[in-house]
Amino acid sequence: MKNSRHQQAIFDDWLREHAAILHHVANGFATGADRHDLMQELMLALWRAVPAFRAASLPSTFIFRVTHNAALTWKRAERGYRRRLDIFEQEPALAPAAIAGPGDETPADSLELLYSAIRSLEPLDRSLVLLQLDGVSYAQIAEIHGLTESNVGVRLNRIKHKLTAIIQEKTS
Amino acid sequence: MTFDDLVPVWRSARNQPDPAQLERDKAGIVSHLGKEYREFLWHVGLVVALTIFLAGGFVQYVRSGGAFDWQREWASIVFLLLPIGVAALFVRGFIRHRQQHPRYDLSILDGLRALIDENRLARARLRVSMTVLTLAMALVPVVTFQLHLVGKQRPHEAASMLAVFGVAYVVAMAWQVWKYRRRLLPENARLQKLIRSYE
């Protein structure tokens, strides 16, 4: 009982301070009703990971690892009707004509454009760029993913070029 | 427009979670965990009830001075030992898996390797389970024949036993084949693809 209360307290603290991490990961990996499913999955993963947390690493590094791991291995629920509904609802928003031209975007449009471009990347690339956007250093990204620092640098450089190309294609 | 032009938008207030939605998500988690706990209790209860039922039957049989002829009733013993053998194999597989991946939580890559091994282990478990189920099913006619010979089972009881075991075998095999082909194999392909992206 005492352990459970302790786990609850840590979980609440983490959510209060780092909810943005979960929000960014959920939006970077899913849209529509899937986004809600993934958010729940991320929260569950975090709740279950609390007992494994050792103060050897920063809570933020631990949360990044747990949430990105959960997102990478997350499997979308097979709900045909809901999936078709989501696609239908998103179609007008994703059509190039619906996206304003350069300089015309409101922040909401620009943000959705950025998320949409990130979601079109391969899962590992998505995770790397989300980490960088959240201000995680190359050394920390390397630690979280089990890659070398130089490898992270090379990959992120390539991903940025890819994202610029996708963004330009979407806004042209 | 380049990627760098959009970076400031990332840090805008719009890219923060909605506190009300967060509370609703938290409530959803609480309800999910409650449901999970009730399911766990139900499974434990079922296993305990079955064990008590079987053990009670065995005790009653021994108390009533029930005789057992090892020479003529060996098939029943083999039939009962099969699940114990399977359980021992599963435990050994699990221990080996834990020994091979002691620090699966070091990085996402380590976690992925452990997940792939877990998937391999789950497929191996299903193959063992399907083989043993088939062996057990082949043994059922021998068990009923032996029980009939020693006068412990009447023909209509043997027929019921064969029918129940037959249906259970078909259902269990269908479920396991479905799980192997539709869940574990696609999951393995997905994880393998993901780990290849690290190379």
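Letters A, B, ... are given to chains in the order of the sequence lines, protein chains preceding strands, and every chain is numbered from 1. Since the model is a prediction, treat every value here as computed from it, not as a measurement.
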S.K.: Is any NZ, NE, NH1 or NH2 atom of the basic residue among A:Arg119 and A:Glu112 found under 4.0 Å from an Asp or Glu carboxylate oxygen of the other?
M.R.: yes
S.K.: Answer with side chain, backbone, both or neither: which region of A:Phe62 has an atom nearer than 4.5 Å to a non-hydrogen atom of chain B?
M.R.: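 It is neither, since no heavy atom gets under 4.5 Å.
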S.K.: Non-hydrogen atoms of chain B under 4.5 Å away: do they reach the side chain of A:Glu122, the backbone, both or neither?
M.R.: side chain
S.K.: Measuring heavy-atom distances to chain B, does A:Asp134 have an atom under 4.5 Å in its side chain, in its backbone, in both, or in neither?
M.R.: both
S.K.: Which one wins on heavy-atom pair count under 4.5 Å against chain B: A:Thr164, A:Asp12, A:Asn27?
M.R.: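 Highest number of heavy-atom pairs under 4.5 Å: A:Thr164.
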S.K.: Between B:Leu194 and chain A, which part of the residue has a heavy atom less than 4.5 Å away: side chain, backbone, both or neither?
M.R.: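 Side chain only.
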S.K.: Among B:His32, B:Arg11, B:Arg24, which has the most heavy-atom pairs under 4.5 Å with chain A?
M.R.: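 Among B:His32, B:Arg11, B:Arg24, the one with the most close pairs to chain A is B:His32.
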S.K.: Could you tell me which portion of B:Gln21 (side chain, backbone, both or neither) has an atom closer than 4.5 angstrom to a non-hydrogen atom of chain A?
M.R.: side chain
S.K.: Is A:Ile144 reachable from B:Tyr104 through a run of hydrophobic residues whose side-chain heavy atoms are each under 4.5 Å from the next?
M.R.: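 Looking at the clustering, A:Ile144 is in a separate group from B:Tyr104.
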S.K.: Measuring heavy-atom distances to chain A, does B:Glu199 have an atom under 4.5 Å in its side chain, in its backbone, in both, or in neither?
M.R.: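 The backbone, not the side chain.
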S.K.: Before accepting this row, confirm whether a basic side-chain N of the pair A:Arg35/A:Asp37 lies closer than 4.0 Å to the acidic partner's carboxylate O.
M.R.: no
S.K.: Just say parallel, tilted or perpendicular for the rings of A:Phe11 and A:Trp47, cut-offs at 30° and 60°.
M.R.: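 A:Phe11 and A:Trp47: perpendicular rings.
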S.K.: B:Trp70 vs B:Phe68 aromatic rings, parallel, tilted or perpendicular, using cut-offs 30° and 60°?
M.R.: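 B:Trp70 and B:Phe68: perpendicular rings.
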S.K.: I'd like to know if B:Leu80 and B:Val142 are part of one continuous hydrophobic network [Ile/Leu/Val/Met/Phe/Trp/Tyr, side-chain heavy atoms within less than 4.5 Å].
M.R.: no
S.K.: Side chain, backbone, both or neither: which part of A:Leu42 has a non-hydrogen atom closer than 4.5 Å to chain B?
M.R.: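 Neither the backbone nor the side chain of A:Leu42 comes within 4.5 Å of chain B.
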S.K.: Does the pair A:Ser150 and A:Tyr138 meet the rule for a side chain to side chain donor-acceptor pair (under 3.5 Å), with working shown?
M.R.: CA-CA 8 Å; A:Ser150 57; A:Tyr138 281 13; over 6 Å; no
S.K.: I need the residue from A:Leu147, A:Asp125, A:Asn151, A:Leu124 with the largest number of non-hydrogen atom pairs under 4.5 Å to chain B.
M.R.: A:Leu124
S.K.: Just do the side chain to side chain donor-acceptor pair (under 3.5 Å) check on B:Asn15 and B:Ser12 with the steps written out, would you?
M.R.: CA-CA 6 Å; B:Asn15 199 20; B:Ser12 68; over 6 Å; no
S.K.: Which bit of A:Val66 is near chain B, if near means a heavy-atom gap under 4.5 Å: side chain, backbone, both or neither?
M.R.: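 Looking at A:Val66, nothing touches chain B.
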S.K.: What residue in B:Leu6, B:Leu191, B:Leu109 has the most heavy-atom pairs under 4.5 Å with chain A?
M.R.: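 Of B:Leu6, B:Leu191, B:Leu109, B:Leu6 has the most heavy-atom pairs under 4.5 Å with chain A.
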S.K.: Please classify the contact between A:Arg48 and chain B as side chain, backbone, both or neither, with a heavy-atom cut-off of under 4.5 Å.
M.R.: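 The side chain, not the backbone.
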S.K.: Please work out whether the ring planes of A:His145 and B:Tyr198 are parallel, tilted or perpendicular, with thresholds of 30° and 60°.
M.R.: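 Taking B:Tyr198 first and then A:His145, their aromatic rings sit tilted (interplane angle of 30° to 60°).
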S.K.: For A:His161, is it the side chain, the backbone, both or neither that has a heavy atom under 4.5 Å from a heavy atom of chain B?
M.R.: neither
S.K.: Transitively linked via ILVMFWY side-chain contacts under 4.5 Å: B:Ile195 with B:Leu184?
M.R.: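 No, B:Ile195 and B:Leu184 fall in different hydrophobic clusters.
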S.K.: Checking B:Lys193 against chain A: side chain, backbone, both or neither under 4.5 Å from a heavy atom?
M.R.: side chain
S.K.: Name the region of B:Leu106, side chain, backbone, both or neither, that has any atom closer than 4.5 Å to a heavy atom of chain A.
M.R.: backbone
S.K.: Should the heavy atoms of other residues, nucleotides or ligands under 6.0 Å from CZ of A:Arg158 be counted, would the total exceed 12?
M.R.: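 Atom CZ in A:Arg158 is packed in, count exceeds 12.
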S.K.: Against chain A, work out which of B:Leu115, B:Leu112, B:Asp110, B:Asp105 has the most heavy-atom pairs shorter than 4.5 Å and name it.
M.R.: B:Asp105
